[in-house]
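Worksheet: one structure, shown below.
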Number of protein chains: 2
Amino acid sequence: MRYAYNVYEDRCPTRMVLDRLADKWALLILDRLEDGPVRFNHLRRDIKGISQKVLSQTLKKLERDGLVTRTVYPTVPVTVEYALTPLGRALGETAAALTHWAEHNMDAILAAQAAYDAALAER
Amino acid sequence: MRYAYNVYEDRCPTRMVLDRLADKWALLILDRLEDGPVRFNHLRRDIKGISQKVLSQTLKKLERDGLVTRTVYPTVPVTVEYALTPLGRALGETAAALTHWAEHNMDAILAAQAAYDAALAER
DNA sequence: CGGCATCCCCTTGGATACTG
DNA sequence: CAGTATCCAAGGGGATGCCG
C-alpha cells in the first residue's frame, strides 16, 4: 500500500478530503484566489456559469476546511473578501498541476474522444 | 492570464477536461490501475462503495478519453481487463499528487472543520 | 464474468424573491 | 453588496433483474 490510509476503503479520511477536492468549482475558485483576495460578486462574475447559490455553498465548505478566509468589512453596503489561507494556497498549487495537465493534454483527449465516437458510429 | 485558455470562461475546452478529472471515482480508478491491469469485478471489489453502474459508466468515460484501455479475452465466461494508457498513467501520477496532498494535510483540514463547527455551535 | 435495462428515489442545482 | 429562503425540475446514482 502506497498510502498511510487505504484510499480504496469506504469512510477513510483521505477519501473525505478527496471528495471535497474533486470539485470543479472548488478548484476554479482556489485558482482564482491565487492572485489575492476577491469579493463575492467579483468571483461570481469572473467564474462564468456558477450560480450564487453554488458559489456560496462552495465558499462555505472551503472556509470550513480552512482553505479560505472570509473577511467582512463594515462598509455600507457591506464588503466581503475571500482569500486563500496558507493551506489553501498550497492546495491551489497542487491543483494547478491538474489544470495545467488538462490544458497540455487536451488535444490528445479530444482526439481520443473523436476516435471513440467515430468507431461507435461505424458499428 | 496564466493559461492558454481562460479557464474561467464557460465552455472552454480545459473546463471540459477538468470536469471529467474532478471526479472522485475516476481519480481512485486511475490510481488503482497504476500497478497493472485489473478486471472489472476486481475493481468493483477493491474500490469500496462504488456501484457497478457507476463503475461501468466511469470506465466508459475514461476509455473514451483515451486514458484507459478495455481488453476482452474470449474465455468462458468472458474476462475483461482494464489498463492505463500512457496518457492515463501520466494523469494518474498528476492526480496522485492531489491524493498525497490530501493525506498529508488531512489533519489540518479535520482540525479546521472541528474549529469551524465549534465556533458555530457556540453562537 | 461483465455488463445493460428498468424503476425509482433523492439529492443537486437553477430561478426567483426577499433581507441586513 | 452579499447573501438566505423557497420552490421546482433534472438527473445522478442505488437496487434489482436479466443476458451473452
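Labels below follow one simple rule: chain letters A, B, ... track the order of the sequence lines, proteins then strands, and each chain is numbered from 1.
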Point to revise | Side chains of A:Leu18 and A:Val7 in contact at under 4.5 Å (non-hydrogen atoms) | key: no
Review point. To the nearest Å, how far apart are A:Asp23 CG and C:dT11 C1'?
Key: 15 Å
Practice item. Check the distance between C:dG3's P and B:Glu81's CD and give it to me in whole angstrom. Key: 12 Å
Point to revise | B:Leu33 CG to B:Leu28 CG distance, which is reported to the nearest 0.5 Å | key: 11.0 Å
Point to revise | A:Leu59 CG to A:Ile50 CD1 distance, which is reported to the nearest 0.5 Å | key: 7.5 Å
Exercise for review: Report the distance from atom NZ of A:Lys60 to atom P of C:dG13, rounded to the nearest whole Å.
Suggested key: 15 Å
Review point. Rounded to whole angstroms, how far apart are CZ on A:Arg44 and C1' on D:dC1?
Key: 12 Å
Review point. Would you call A:Arg45 and A:His42 a side-chain contact if the rule is heavy atoms closer than 4.5 Å?
Key: yes
Exercise for review: Examine C:dG2: is either OP1 or OP2 under 4.0 Å from a nitrogen or oxygen in the side chain of B:Arg70? Give yes or no.
Suggested key: no
Check your understanding: Given the rule that a pair is Watson-Crick or G-U wobble with both distances under 3.5 Å, how would you write DNA chain D in dot-bracket, using | for pairs to a different strand?
Key -> ||||||||||||||||||||
Check your understanding: Could you give the CG-to-C1' distance, from A:Leu43 to D:dG3, as a whole number of Å?
Key -> 14 Å
Exercise for review: Any pair with a residue in residues 106-117 of chain A that passes side-chain hydrogen bond (donor to acceptor under 3.5 Å, both in side chains), sequence neighbours left out, goes on the list, sorted by first then second residue, please.
Suggested key: A:Gln113-B:Asp65, A:Asp117-B:Arg64
Exercise for review: Mind listing the closest non-hydrogen atom pair of A:Trp101 and A:Ile109 along with its distance?
Suggested key: CZ3-CD1, 3.8 Å
**Study point:** Residue-phosphate contact under 4.0 Å: A:Tyr82 side-chain N/O, D:dC1 OP1/OP2
**Key:** no
Review point. About how many Å separate CD1 of B:Ile29 and OG1 of B:Thr58, when rounded to the nearest 0.5 Å?
Key: 5.0 Å
Review point. Closer than 4.0 Å, any side-chain N/O of B:Arg39 to the OP1 or OP2 of C:dC1?
Key: no
Point to revise | side-chain N/O A:Ser56 vs D:dT4 OP1/OP2, d < 4.0 Å | key: yes
Exercise for review: Using the rule that two of Ile, Leu, Val, Met, Phe, Trp, Tyr join whenever any of their side-chain heavy atoms come within less than 4.5 Å, decide whether A:Tyr73 and A:Val38 are in one cluster.
Suggested key: no
Nucleotides 13-20 of chain D: which of its N/O atoms have a protein N/O under 3.5 Å away?
unit_1 : atom_1 : unit_2  : atom_2 : d
D:dG13 : N7     : B:Lys53 : NZ     : 3.0
D:dG14 : OP2    : B:Ser51 : OG     : 2.5
D:dG14 : O6     : B:Lys53 : NZ     : 2.5

Point to revise | Nucleotide of D:dC1, C:dG3, D:dG3 approaching A:Asn41 most closely (side-chain heavy atoms) | key: D:dC1
Practice item. Would you check if B:Gln52 and B:Phe40 make a side-chain contact, meaning some heavy-atom pair closer than 4.5 Å? Key: yes
